[in-house]
Amino acid sequence: HKRVAILLSGGGSNMVALVDSMTGDHPARPCLVLSNDPNAGGLVRAAERGIATAAVDHRPFRGDRPAFEAELMKPLLAAEPDIICLAGFMRVLTAGFVAHWQGRMLNIHPSLLPKYKGLHTHARALEAGDSEHGCTVHEVTPALDDGPILGQARVPVLPGDTPEVLAARVLEQEHRLYPAVLRRFAADDRTPVFLG
Ligand code: GAR
């Protein structure tokens with residue numbers, strides 16, 4: 001099996017979707033869930049599933065990204081992952097860190113990239129009057145929310161949508177899209193997955 005490390009900062013619903021998909025004839029298995037927030041709910045949900053967890057709090061590093069990443073690298077290297085999935089990991093990674101894992105690191109972003117890189121994607125889609133929105137899984141390259149697209153899922157924007165309602169509709173699709181992309185990627189198939 002390919003070994004998958006998952007990095008998160010929050011509740012970890014995408015991590016749960018990925019972990020729960022890695023059973024049976026799936027070519028990968030989870031080896032580590034790692035967070036920059038020791039209190040992330042996702043760590044508890046991973047531990048409940050019997051997965052090794054670790055946390056490296058970014059706050060003591062006060063913006064010294066290379067020093068933070070040097071600590072992050074320790075449990076990650078020890079876990080010997082073949083693939084890293086960023087799943088709601090809310091720290092920007094340096095080019096050096098990304099280069100180390102180039103071609104092996106995936107991210108899910110809550111917009112139809114190249115639209116709405118960065119934060120507040122749902123509010124921005126609503127403000128723009130878009131009729132559809134969605135999520136993207138892409139390979140991580142040094143530029144933020146850039147890199148080859150491995151899959152997208154689309155949802156309609158509906159009358160009366162708030163950022164929260166729209167986010168929930170997108171998140172449901174994230175939970176379908178990310179496992180579908182990981183399954184292909186772990187089988188060395190980089191053909192993009194398009195849903196919705
Ligand atoms: C997801 O919507 C993910 O796409 C987004 O954070 C959420 C994490 O939810 N990621 C980003 O915004 C990355 N910049 P989860 O912890 O329940 O998976």
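First listed ligand is number 1; within each ligand, the first listed atom is number 1. Position 1 is the first residue of the sequence; numbering continues from there. The model shown is predicted, which means the values in this text are computed figures rather than measured ones.
Every heavy atom of Leu8 sits 4.0 Å or more from the atoms of ligand 1. The shortest heavy-atom distance from Gly42 to ligand 1 is not under 4.0 Å. Contact between Gly11 and ligand 1 is present, with at least one heavy atom of the residue lying under 4.0 Å from the ligand.
With distances taken over non-hydrogen atoms, the option nearest atom 18 (O) of ligand 1 out of Val137, Leu171, Asn14 is Asn14.
The residues Asp130 and Arg124 are annotated as not salt-bridged, no charged nitrogen and carboxylate oxygen being separated by less than 4.0 angstrom. Ion pairing of Asp146 with Lys117 is present here, as a side-chain N (NZ or NE/NH1/NH2) and a carboxylate O approach within less than 4.0 Å.
Ranking protein heavy atoms by distance to atom 16 (O) of ligand 1, first place goes to Gly12 N, 2.8 Å. The nearest heavy-atom contact from the protein to atom 7 (C) of ligand 1 is Gly88 CA, 4.3 Å. Here the protein heavy atom with the shortest distance to atom 13 (C) of ligand 1 is Met90 SD, 3.6 Å. For atom 2 (O) of ligand 1, the closest non-hydrogen atom on the protein side is Glu174 OE2, 2.9 Å. The single protein non-hydrogen atom nearest to atom 17 (O) of ligand 1 is Ser13 OG, 2.6 Å, given as residue, atom name and distance.
A donor-acceptor pair under 3.5 Å is absent between the side-chain atoms of Arg65 and the main chain of Leu93, judged by distance alone.
Using cut-offs of 30° and 60° for the angle between ring planes, the Phe68 and Phe89 rings count as parallel.
Counting only heavy atoms from C-beta outward, the side chains of Met90 and Leu7 never approach each other to under 4.5 Å. Glu80 places a side-chain heavy atom less than 4.5 Å from the side chain of Arg3.
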Q: Check the pair His138, His109 against ring-ring contact (aromatic ring centres under 6.0 Å, His included), reporting the backbone distance first and the verdict last.
A: CA-CA 8 Å; His138 63 95; His109 183 73; 7.2 Å; no
